[in-house]
Protein chains: 2
Amino acid sequence: MPRNRRPRDREEKSEEIVAAAATLFTELGFDKTSLASVAEAAGVTTNTIYWYFASKEVLLVAVLNHMLTEALKDASEQDGTPLVDQLEWVVERLQQRSKLVTTVHALAATSSVVETWHDGFHAVTNEILAEGLRESGVPEDQIHPLTRLGVFAIEGLLMHPLPKAEQRAVLRLITDGSL
Amino acid sequence: MPRNRRPRDREEKSEEIVAAAATLFTELGFDKTSLASVAEAAGVTTNTIYWYFASKEVLLVAVLNHMLTEALKDASEQDGTPLVDQLEWVVERLQQRSKLVTTVHALAATSSVVETWHDGFHAVTNEILAEGLRESGVPEDQIHPLTRLGVFAIEGLLMHPLPKAEQRAVLRLITDGSL
DNA sequence: ACCTGAACACCGTTCAAGT
DNA sequence: ACCTGAACACCGTTCAAGT
């Protein structure tokens, strides 16, 4: 018997579940997506999901990690471009996943597993933004508050979409370090 | 029979339901609060809620309107104070209701009744903030983008609480109109 | 007009049972 | 180790029936 086929199957199966959940969570939102519909899309029984994931929230975290890995990979293509453009790219990408963003914020207050992921996510992304500001020549003592405000601006733009020009104006407030 | 007692009763009953829902939604969050628990706290049957409110989401909007009315009343006490202090007051008040804020943002994407309320809320509050900036002597052409960024900063501070001093620093970026 | 009892379809989750 | 059938308690919502 192929002893070494099992782990691969397991990976594939759970990846299919994550992929199905990612699509449905993104399109319908977390609350309006039932585990039954995720199971159907992944070609398994509802209960099977519980063999791979302890709860619906743990499945959400798996989806988020999968998306983050994907995003960090894609982000490397933006390496040479100006910081404003990079921020614009991030905003557009997150806007397509805005239902996930609001879900994370809502669940972070009541679910410790989601809260932990949320904290880790911002630890990573804050560092990336701070590095970008440093490379743009922002003086060291302004990096910290500007990073703060930058994250606020990005998340604000998700909830309250602005015309392209206005959006760029807001992002430029961050990258240029002055109003 | 006192014909004119009925309308008062109706008002009282629905107010009790709203009050019970307000407390539970604030403390447990919208999703984790069942209509059964709201009914119990208000001393009615679950189905009775449906006589007064078309759905759980409509009840949420009633709660939000009740809170907004209350907030605008209390806000008038802050009239003389500097704009930074007023913003700080708003942030602190919203922080105590942060679960409601995240719920509104999450539901705005899928529920038109909540989306409508959210839009109206920002129309009102944007105008108030813009007026405050005007009175602080901010030049007219900066009012618009600063109001935008101000709302983003306030909402950002709810999701990502900062030490008092840092929070004040962020708010001052808005009221002083320069980094 | 106002309220209730009883039921509806659905939900996330559990578990004993199979292979 | 992996998956399923069947059941659990609970959910928002509906509606015919009462007063």
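Reckoned from all heavy atoms, side chains included, excluding hydrogens, waters and symmetry mates. Bear in mind that the values here come from a model prediction, so they are computed numbers and not experimental data. Sequence lines set the chain letters: A, B, ... in the order given, protein chains first and strands last, and positions in each chain run from 1.
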Peer 1: Output yes when a side-chain donor or acceptor of A:Lys99 lies under 3.5 Å from a complementary backbone atom of A:Glu27, and no otherwise.
Peer 2: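 Checking the backbone N and O of A:Glu27 against the side chain of A:Lys99, a donor-acceptor pair under 3.5 Å is found.
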Peer 1: How is A:Thr33 classified with respect to the nucleic acid when contacts are heavy atoms under 4.0 Å: base, sugar-phosphate, or nothing?
Peer 2: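 Sugar-phosphate: the residue A:Thr33, judged by heavy atoms under 4.0 Å, touches backbone atoms but no base.
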Peer 1: Between A:Thr81 (side chain) and A:Gln78 (backbone), is there a donor-acceptor pair under 3.5 Å?
Peer 2: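 The answer is yes, because a donor-acceptor pair under 3.5 Å joins these two groups.
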Peer 1: Just the rounded figure in Å: distance from C1' of C:dC2 to CZ of B:Phe53.
Peer 2: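 Distance, rounded to whole Å: 14 Å.
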Peer 1: Below 4.0 angstrom from OP1 or OP2 of C:dC2, is there any side-chain N or O of B:Tyr50?
Peer 2: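 So the side-chain polar atoms of B:Tyr50 never come under 4.0 Å of the phosphate oxygens OP1 or OP2 of C:dC2.
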Peer 1: Let's see if you can work this out: which of C:dG5, C:dT4, D:dT13 has an atom nearest to the side-chain heavy atoms of B:Thr48?
Peer 2: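 Between C:dG5, C:dT4, D:dT13, the one nearest the side chain of B:Thr48 would be C:dT4.
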Peer 1: For B:Tyr52, is the NZ or CZ atom of B:Lys13 found under 6.0 angstrom from the centre of its six-membered ring and inside 45 degrees of the ring axis?
Peer 2: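 No cation-pi geometry.
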Peer 1: What's the closest nucleotide to the A:Tyr52 side chain, out of D:dC3, C:dC3, C:dG12?
Peer 2: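 When the side chain of A:Tyr52 is considered, D:dC3 is the closest of D:dC3, C:dC3, C:dG12.
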Peer 1: Are A:Lys56 and A:Asp31 within salt-bridge range, i.e. N to O under 4.0 Å?
Peer 2: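 Salt bridge absent between A:Lys56 and A:Asp31.
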Peer 1: For D:dA7, which nucleotide in any strand shown is its Watson-Crick or wobble partner with both distances under 3.5 Å?
Peer 2: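 Across all strands, the one nucleotide that pairs with D:dA7 is C:dT13.
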Peer 1: Between B:Glu40 (CD) and D:dG12 (P), how many Å, whole number?
Peer 2: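 In whole Å, D:dG12 P and B:Glu40 CD are 14 Å from each other.
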Peer 1: NA contact type, B:Thr46, heavy-atom cut-off 4.0 Å: base, sugar-phosphate, or nothing?
Peer 2: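 The answer is base, as B:Thr46 lies within the cut-off (heavy atoms under 4.0 Å) of a base atom.
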Peer 1: Could you work out which one of C:dA6, C:dC11, D:dG5 sits closest to the side chain of B:Asn47?
Peer 2: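 Nucleotide nearest to B:Asn47's side chain: C:dA6.
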Peer 1: What is the separation between atom CD on B:Glu12 and atom P on C:dA1, rounded to the nearest whole Å?
Peer 2: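 To the nearest whole Å, that distance equals 20 Å.
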Peer 1: Rounded to the nearest Å, what distance is computed from the CG atom of residue B:Asp31 to the P atom of nucleotide D:dC10?
Peer 2: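 It works out to 18 Å between those atoms.
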Peer 1: Closest approach to the side chain of B:Ser55, judged atom by atom: which nucleotide of D:dC3, D:dT13, D:dC11 is it?
Peer 2: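 Output: D:dT13.
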Peer 1: How many whole angstroms separate atom CZ of A:Phe30 from atom P of C:dC11?
Peer 2: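 From A:Phe30 CZ to C:dC11 P: 13 Å.
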Peer 1: Using whole Å, report how far CG of A:Leu59 lies from P of C:dT13.
Peer 2: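 Going from CG in A:Leu59 over to P in C:dT13 covers 10 Å.
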Peer 1: Identify which nucleotide among C:dA1, D:dC11, C:dT4 has an atom closest to any side-chain atom of B:Trp51, counting heavy atoms from C-beta outward.
Peer 2: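 Given the options C:dA1, D:dC11, C:dT4, the side chain of B:Trp51 is closest to C:dA1.
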Peer 1: Return the pairing partner of D:dT19 with a 3.5 Å limit on both distances, Watson-Crick or G-U wobble; otherwise return none.
Peer 2: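 WC or wobble partner is C:dA1.
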Peer 1: Starting from the 5' end of DNA chain C, give me the residue, B:Thr45 or A:Ala54, whose nearest nucleotide shows up first.
Peer 2: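 First, find each residue's nearest nucleotide; the 5'-ward one identifies B:Thr45.
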Peer 1: What is the distance from CG of A:Leu28 to C1' of C:dC11, rounded to the nearest Å?
Peer 2: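 So the CG-C1' distance, A:Leu28 to C:dC11, works out to 15 Å.
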Peer 1: Grab the CD1-P distance between B:Ile49 and D:dC11 for me, whole Å please.
Peer 2: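 After rounding, the reported distance stands at 12 Å.
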Peer 1: Indicate, with yes or no, if the rings of B:His105 and A:His105 have centres closer together than 6.0 Å.
Peer 2: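 B:His105 vs A:His105: aromatic centres not under 6.0 Å.
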